[in-house]
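Report on one structure; see the data block that follows.
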Amino acid sequence: MTRRIVRTVVQVATAAVVTFFIIFFLDRNFRVLPNVIHEYLPTHHAGLLVTDITITKCSSYNLFSSCKLDPLVWHRIDKDLYLGMSTFSSAYVHVRRKKEEDLTADDKVVVDVTVGRLDPSAKAKDDTDELWEARPWGLWVKRSSKKGASDSKKAITAVDVLFGDDSVEAREAWTLVGTPLLIDAGSKIPSSHITIRRGDEVTPFKPKPQINENGRFKIMQLADLHLSTGVGHCRDSLPKDWNGGKCDADPRTLDFVTRILEEERPDLVVLSGDQVNGDTAPDSQTAIFKYAQLLIKHKVPYVSIFGNHDDEGSLSRAAQMDLIETLPYSLSQAGPEDIDGVGNYYIEILARGVSGHSAITVYLLDTHAYSPNERKFKGYDWVKKNQIEWFKKTAEGLRSKHKKYTHHHMDVAFIHIPLPEYRDGNLTFVGEWKEPPTAPVYNSGFRDALVEEGVVMVSCGHDHVNEYCGLSKTPDEKPALWMCYAGATGFGGYAGYGGFHRKIRMFDFDMNSGRITTWKRVEYGENANKRIDELIIVDAGAPIAPVFEEQ
């Protein structure tokens with residue numbers, strides 16, 4: 001009896017599997033299932049499918065030209081292909097989209113896109129019935145009306161535009177296609193590139209940073225990358241005759257970052273503001289993807305905050321963070337909506353092993369941009385009261401959890417604009433002070449809050465050629481807080497104060513002894529392969545005074 005039951009169950013299961021595959025095959029080719037059922041099949045695209053793409057151009061010379069198509073039919077990608085740099089002309093990519101269940105017999109699904117001067121049909125190797133259809137400016141679209149086209153892995157579900165000959169794609173499942181669009185824009189306007197996504201949107205990989213088995217953890221701080229749309233132009237670069245005098249800012253910046261990434265092998269990268277050089281980045285997204293793609297390629301998790309230049313391009317802080325949060329390896333967060341700024345958050349570095357306890361807490365806060373009251377407080381903005389309250393409440397709320405860590409738990413912070421205390425001439429300095437710190441005039445008390453909550457180190461950017469760490473002390477002269485500068489990394493920003501070479505700052509955490517050691521790496525010169533101003537700033541979980549070698 002038992003054998004008969006087992007045999008029956010096996011037969012029923014086999015029949016069910018066979019039936020499923022028959023229906024799956026028939027539905028894929030002939031759509032035999034109603035939409036309400038089809039939507040639950042694994043090949044169904046839950047979002048929108050692209051059914052056509054075109055480009056419109058308009059000119060203020062021609063009153064009858066228009067860059068608008070019927071918004072009920074077409075979605076316009078709101079990026080002027082001239083990047084607003086043409087006096088009289090504008091152009092936009094338009095995409096026609098539909099849900100799979102809304103497709104009719106007359107609809108075609110876009111299954112391929114390319115850009116080039118020649119008809120790609122001439123070199124096509126497939127025997128499909130679909131033909132390449134020409135669109136303006138060298139855009140070619142291949143569409144299919146076959147029943148299974150909407151479920152195909154070739155089906156295109158999203159289209160975007162990036163700019164510049166050095167543009168890269170950082171999103172999963174997205175690909176740049178063909179050559180640049182054949183736009184009559186002139187050499188001063190960055191080239192425009194079509195990028196497409198096939199399939200559904202992919203959930204980005206978000207690693208959980210953890211102390212290594214040897215008890216160490218290394219953070220790289222990248223300050224003031226100042227990336228552009230296009231390769232950018234170097235400012236105050238040394239040596240003057242580098243590369244025959246031709247210096248493209250972004251490639252040189254990214255080459256420097258790549259070298260230090262591969263030599264130092266950090267566990268986390270902190271981008272401490274001004275990643276985007278606003279006035280040379282009319283498409284901020286393209287600039288963001290440059291650093292993101294590099295970090296993704298090296299499989300390094302990263303966090304970011306904003307500087308005063310990031311949102312001077314095409315995207316607001318909020319829009320940039322919405323984008324950055326969708327990228328692989330990015331642990332960046334917008335933070336609470338009811339707190340001033342975008343990017344007030346923290347991340348936990350977990351202890352080694354499986355305990356799940358936090359070993360290091362990294363706080364990141366938005367220091368905003370320019371003073372909201374220039375007449376009374378000239379210069380730059382400051383950390384607001386509700387940000388400080390959020391920080392203190394968060395730190396106090398985490399304290400009991402942190403006590404469960406059996407070694408020295410450490411709290412550190414990163415900001416963009418320095419605190420007023422960076423100007424204190426009584427600090428114990430290690431490294432160079434080359435320019436007056438452009439800290440806010442108004443002191444909101446954030447330094448005191450950091451000390452009260454036990455933060456041992458804060459590091460900033462903003463002042464490009466300052467690269468010192470200064471020890472702030474308590475009234476009774478005990479070490480209270482190390483305040484560091486990173487030294488600017490990017491060649492798109494200024495550096496003209498006395499022979500400055502671009503820098504990257506490293507922080508090495510040794511959790512076995514509760515020690516933080518910091519040093520800098522330089523882009524060029526006799527010290528390019530050395531650690532500069534290596535210094536122990538924290539020991540046994542507390543700030544310590546520097547030990548200077550006797551000369």
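Among residue pairs with one or both ends in residues 482-529, those qualifying as disulfide (SG to SG under 2.5 Å) are Cys469-Cys484; sequence neighbours excluded. Screening residues 397-420 for salt bridge (Lys or Arg N to Asp or Glu O under 4.0 Å) gives Arg399-Glu453 as the qualifying pairs, with residues at least two apart or on separate chains. Pairs passing the salt bridge (Lys or Arg N to Asp or Glu O under 4.0 Å) check and including a residue from residues 329-349, sequence neighbours excluded, do not occur.
Side chain of Lys520 to backbone of Gly487: no donor-acceptor contact under 3.5 angstrom is found. A donor-acceptor contact shorter than 3.5 Å is absent between the side chain of Asp381 and the backbone of Pro440.
Contacts of Glu325 classified as salt bridge (charged side-chain N to carboxylate O under 4.0 Å, His left out), with partners at least two apart in sequence or in another chain: none. For Tyr422, the ring pair (Phe, Tyr, Trp, His ring centres under 6.0 Å) criterion is met by Tyr485, not counting sequence neighbours. Qualifying salt bridge (charged side-chain N to carboxylate O under 4.0 Å, His left out) partners for Arg197, counting only residues two or more places apart in sequence or in other chains: none.
Environment of CZ in Arg423: crowded, with over 12 heavy atoms of neighbouring residues, nucleotides or ligands closer than 6.0 Å. Within a 6.0 Å radius of CD in Glu374, other residues, nucleotides and ligands contribute more than 12 heavy atoms. For Gln293, the CD atom sits in a packed shell: over 12 heavy atoms of surrounding residues, nucleotides or ligands are nearer than 6.0 Å.
Taking the six-membered ring for Trp and the full ring otherwise, the centers of Tyr524 and His501 sit less than 6.0 Å from each other.
Between Tyr380 and the options His462, His309, His368, a ring pair (Phe, Tyr, Trp, His ring centres under 6.0 Å) holds for only His462.
With respect to the salt-bridge test (charged N to carboxylate O, under 4.0 angstrom), the residues Lys393 and Glu389 do not qualify. A salt bridge links Arg216 with Asp508; the closest basic N to acidic carboxylate O contact falls under 4.0 Å. Under 4.0 Å is where a charged nitrogen must lie from a carboxylate oxygen, and between Asp160 and Lys79 at least one such pair does.
Under the 30°/60° scheme for interplanar angles, the aromatic rings of Phe391 and Phe446 are found to stand perpendicular.
Two residues are said to be in side-chain contact when any heavy atoms from C-beta on lie closer than 4.5 Å; Phe306 and His416 fail this criterion.
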